[in-house]
Amino acid sequence: MIKVLITDKLAQEGIDLLNSSDGVEAVVKTGISEEELARIISEHDGLIIRSGTKVTANVLANPGKLKAIARAGVGVDNIDIPEATRKGILVMNTPGGNTLSAAEHTMALILSMSRNVVPACESLKSGAWDRKKYMGNQLNNKVLGLIGLGRIGMAVAKMALGFNMKILGYDPFAAPTNAEKLGIEICDNIEQIYRETDFISVHVPRNEQTLNLIGAEQIEMMKPTVRLVNCARGGIINEDALYDALAKKRIAGAALDVYPKEPPENRRFTESENCIVTPHLGASTEEAQIEVAVEAAQILVDAIKGGPIRNALNAPSTAGTLPPIINQYTELARRIGTVASTIGPGQIKSVEVQYRGSIAEQTVEPVTLSFAMGLLQKHLDMPLNMVNTPVLAKERGISIDETKNTKVKDVASSFSAKVVTDKVTRTITGSVFGGTLLRIIEIDGFNIEVTPQGTVLVIYNDDKPGVIGSVGTVCGRHNINICTMGVGQKATEQKAILAVSLDKEPGQKAIEELGQLDFVNEIYVCKLD
């Protein structure tokens, strides 16, 4: 008998599916402590959780016969995925189950703002009858700006088109290939969204590129009649700037379903008359809860019984089954992908990779996939692996052109990547020396050698004396140790690049000081571990 433990509230339909499956028994134990979960986990073949249960390394210390964990929902930050992977336990989620629910909630907030539903309701309940005060606006022919064109953003677009809205879309990473066919006008720059739209809704993950994406500077570009919606992640819209804009009537309104900290400690938006707030209800519909429960139950049973594996977040490791040199290049490519993602801002237009020398004689599909994982990871909410990366890349219209050349150039073998965005073109080349030493040996035509490990600082600068000393002084002042350093020059252009690996991530003050050095043109912090 396969025993599946359920430790968070799950829709009955999911439990019924488990119990109706041949040889499967659902064991429901909600609200148990971490210690009790660690004690009983070994007796179960599968585990289904939501956001309440923490699957820590302690829980997985003695997993017994546990084979798979399914998260009924998207976020998996409550699961120690590296530890689960080490123990050979499959981790899956249900990313599509909440899509329509979140999109509908976005539209509900847009409609509520346009027709003053909340204040009008409160006014009537208090005994007033004030129709003139709550005059609204139609959505027909209004312009909706969507920042982020993933599954939820695209679902919102389809719904808004039903209201005859004009849709402007911008994705910081890459727009889906079918967006324009749907009727979305793809913007080359995000400023067009800010300047031309009547409603702006954000649908991007929160990371270093999207945190405070909309602040005071961006709000100043907007129409005074604009209304903002955030059903994605708290912090994408800077709360101080938003509150100030609402208080000064700089914008017409806002609607928030998510907050940097939940529940929010600062209740100021609840007192704002032109702001609607809801307690993270994007996924809170009966249908969505049923869908994620049923999907979690089904993918778990399939995986345990040896059927198809879907929505896997930690594909089985190929280490040990591939030649050692491929394993090394796989790791190098992932790190190069991360660097390219960091120093290559903007929407991806094309991606090319090239293998030269002895590595070109090998089967390199795992290497290319690993590069794609590094390139895409910071732009997506879910952990990437060899299974889901090709699917997610295809959804965003990203393909990778791969070429091989066995002719040696400079080194015995190398991996190169060229990423073209709407803002820059970046090329990065790396090699593995002695079978184990990973090195980046070229960035944008600058010959350089740096270890892609930990935190790597990449600085594009004017070629002049004192660069290394000045950078070292700032790092020393902030107690940051430089591990390795690479310098590349283009003497005819009087340009250079400095890449240094650091023993820790520099703080914001250190980055600001480095950016203020008169020779610095661009500066990027690449987090590789």
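Sequential numbering from 1 along the given sequence is applied to the chain's residues.
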Asks: Between R439 and T451, do the side chains contain an N or O donor and an N or O acceptor separated by less than 3.5 Å?
Replies: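 Yes.
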Asks: Quiz question: by atom type and distance under 3.5 Å, do the side chains of E104 and T285 form a donor-acceptor pair?
Replies: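 No, because no side-chain N or O of E104 sits under 3.5 Å from a partner of the opposite role on T285.
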Asks: Between Q453 and R335, is the side chain to side chain contact (heavy atoms under 4.5 Å, CB included) condition met? List the steps.
Replies: CA-CA 8 Å; Q453 181 178 335; R335 292 167 185 256; 4.0 Å; yes
Asks: When you check the side-chain N and O atoms of E239 and N266, is any donor under 3.5 Å from an acceptor?
Replies: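 Result is no, nothing qualifies.
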Asks: If I take atom CD1 from residue I443 and atom CD1 from residue I448, how far apart are they, to the nearest 0.5 angstrom?
Replies: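 Nearest 0.5 Å value for the CD1-CD1 distance: 5.0 Å.
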Asks: Could you check whether K87 pairs with E83 (Lys NZ or Arg NE/NH1/NH2 to Asp/Glu carboxylate O, under 4.0 Å)?
Replies: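 Yes, charged N to carboxylate O under 4.0 Å.
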Asks: If we check side-chain contact (heavy atoms from CB on, under 4.5 Å) with V339, which of these qualifies: I428, L375, V419?
Replies: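 The side-chain contact (heavy atoms from CB on, under 4.5 Å) with V339 is passed solely by I428 among I428, L375, V419.
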Asks: Check this for me: D401, atom CG, are more than 12 non-hydrogen atoms of other residues, nucleotides or ligands nearer than 6.0 Å?
Replies: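 Counting other residues, nucleotides and ligands, CG of D401 exceeds 12 neighbours.
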Asks: Could you give me the CA-CA distance, side-chain angles and deciding distance for D80 and V55, then say whether side chain to side chain contact (heavy atoms under 4.5 Å, CB included) is met?
Replies: CA-CA 6 Å; D80 190 330; V55 185; over 6 Å; no
Asks: Taking C-beta and beyond as the side chain, do I79 and N93 meet within less than 4.5 Å on heavy atoms?
Replies: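 Not in contact.
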Asks: I'd like to know if the side chain of S112 and the backbone of A108 have a donor-acceptor N/O pair within less than 3.5 Å.
Replies: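 Flag set: sc S112 to bb A108 pair under 3.5 Å.
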Asks: As a quick check of understanding, evaluate side chain to side chain contact (heavy atoms under 4.5 Å, CB included) for K527 and K378, giving each step before the final call.
Replies: CA-CA 10 Å; K527 293 178 280 189; K378 68 188 298 180; over 6 Å; no
Asks: Determine the interplanar angle of the F173 and H379 rings, folded into 0 to 90°, and report it as parallel if under 30°, tilted if 30 to 60°, perpendicular if over 60°.
Replies: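 It falls in the parallel class, under 30°.
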Asks: Check the pair K29 / E43 against salt bridge (charged side-chain N to carboxylate O under 4.0 Å, His left out), numbers first and verdict last.
Replies: CA-CA 13 Å; K29 287 182 177 289; E43 304 166 12; over 6 Å; no
Asks: For the CD atom on E265, are there more than 12 heavy atoms of other groups (residues, nucleotides or ligands in this structure) within a distance under 6.0 Å?
Replies: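 Open: at most 12 neighbouring heavy atoms sit under 6.0 Å from CD of E265.
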Asks: In the structure I gave you, are the side-chain heavy atoms of Q209 and V204 within less than 4.5 Å of one another anywhere?
Replies: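 No - every pair of side-chain heavy atoms lies 4.5 Å or more apart.
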Asks: Crowded around K305 NZ? As in, over 12 foreign heavy atoms under 6.0 Å?
Replies: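 Check passes, neighbour count above 12.
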Asks: Let me confirm one number: the SG-CG distance from C231 to L109, rounded to the nearest 0.5 Å.
Replies: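 Going from the SG atom of C231 to the CG atom of L109 covers 4.5 Å.
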Asks: Is R268 reaching over with its side chain to a backbone N or O of Y243, donor-acceptor style, under 3.5 angstrom?
Replies: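 No: the side chain of R268 does not pair with the backbone of Y243.
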Asks: Got V117 and L111 here, is their nearest side-chain heavy-atom distance under 4.5 Å?
Replies: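 No; the side chains remain at least 4.5 Å from each other.
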Asks: Any side-chain heavy atom of P452 sitting closer than 4.5 Å to one from L332?
Replies: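 P452 vs L332: side chains touch.
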Asks: Taking N230 for its side chain and R233 for its backbone only, find out whether a donor-acceptor pair lies under 3.5 Å.
Replies: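 Yes: the side chain of N230 pairs with the backbone of R233.
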Asks: Any side-chain donor-acceptor pair under 3.5 Å between E331 and N327?
Replies: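 Judged by distance alone, the side chains do not pair up.
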Asks: Tell me if a side-chain donor or acceptor on T210 pairs with a main-chain N or O of P205 at a distance below 3.5 Å.
Replies: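 Yes, T210 side chain to P205 backbone: donor-acceptor pair under 3.5 Å.
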Asks: Determine whether a donor-acceptor pair (N or O, by modelled atom type, separation under 3.5 Å) exists between the side chain of S101 and the backbone of G282.
Replies: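 Here the side-chain-to-backbone pair exists.
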Asks: Check the pair I40, I32 against side chain to side chain contact (heavy atoms under 4.5 Å, CB included), reporting the backbone distance first and the verdict last.
Replies: CA-CA 10 Å; I40 67 173; I32 63 175; 4.0 Å; yes
Asks: To the nearest 0.5 Å, how far apart are CD1 in I2 and NZ in K67?
Replies: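 One finds 7.0 Å between CD1 of I2 and NZ of K67.
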Asks: Is there a donor-acceptor contact under 3.5 Å from the side chain of T342 to the main chain of T338?
Replies: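 Side chain of T342 to backbone of T338, a donor-acceptor pair under 3.5 Å: yes, one is there.
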Asks: Between E395 and R151 (salt bridge meaning N to carboxylate O under 4.0 Å), is one present in this structure?
Replies: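 Answer for the salt bridge query: yes.
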Asks: If we count only N and O atoms by modelled type, under 3.5 Å, do the side chains of D8 and T53 hold a donor and an acceptor together?
Replies: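 Indeed, the side chains of D8 and T53 share at least one donor-acceptor pair under 3.5 Å.
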Asks: What do the steps show when you test Y329 against Y355 for ring-ring contact (aromatic ring centres under 6.0 Å, His included), and what is the final call?
Replies: CA-CA 10 Å; Y329 268 96; Y355 298 86; 7.6 Å; no
Asks: Has the side chain of Q328 got a donor or acceptor atom that lies under 3.5 Å from a matching backbone atom of P323?
Replies: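 No, Q328 side chain to P323 backbone: no donor-acceptor pair under 3.5 Å.
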Asks: If only atom types and distance count, is the side chain of N314 paired as donor or acceptor with the main-chain N or O of I89 below 3.5 Å?
Replies: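 Flag set: sc N314 to bb I89 pair under 3.5 Å.
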Asks: Would you say that C526 contacts I343 through its side chain, given a criterion of any heavy-atom pair below 4.5 Å between the two side chains?
Replies: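 Of all side-chain heavy-atom pairs linking I343 with C526, at least one is under 4.5 Å.
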Asks: Can a donor-acceptor pair be found, under 3.5 Å and without considering hydrogens, that links the side chain of E505 to the backbone of T455?
Replies: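 No; zero donor-acceptor contacts below 3.5 Å.
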Asks: Please determine if K3 and D45 form a salt bridge, counting it only when a charged side-chain N lies under 4.0 Å from a carboxylate O.
Replies: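 So K3 does not pair with D45 through a salt bridge.
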Asks: More than 12 heavy atoms of other residues, nucleotides or ligands under 6.0 Å from NZ of K158: yes or no?
Replies: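 Check fails, neighbour count at 12 or below.
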Asks: Would you say D240's side chain and A216's backbone share a donor-acceptor pair under 3.5 angstrom?
Replies: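 A pair under 3.5 Å: no.
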Asks: When rounded to the nearest 0.5 angstrom, what distance separates OG1 in T7 from CZ in R50?
Replies: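 Interatomic distance, T7 OG1 to R50 CZ, rounded to 0.5 Å: 11.5 Å.
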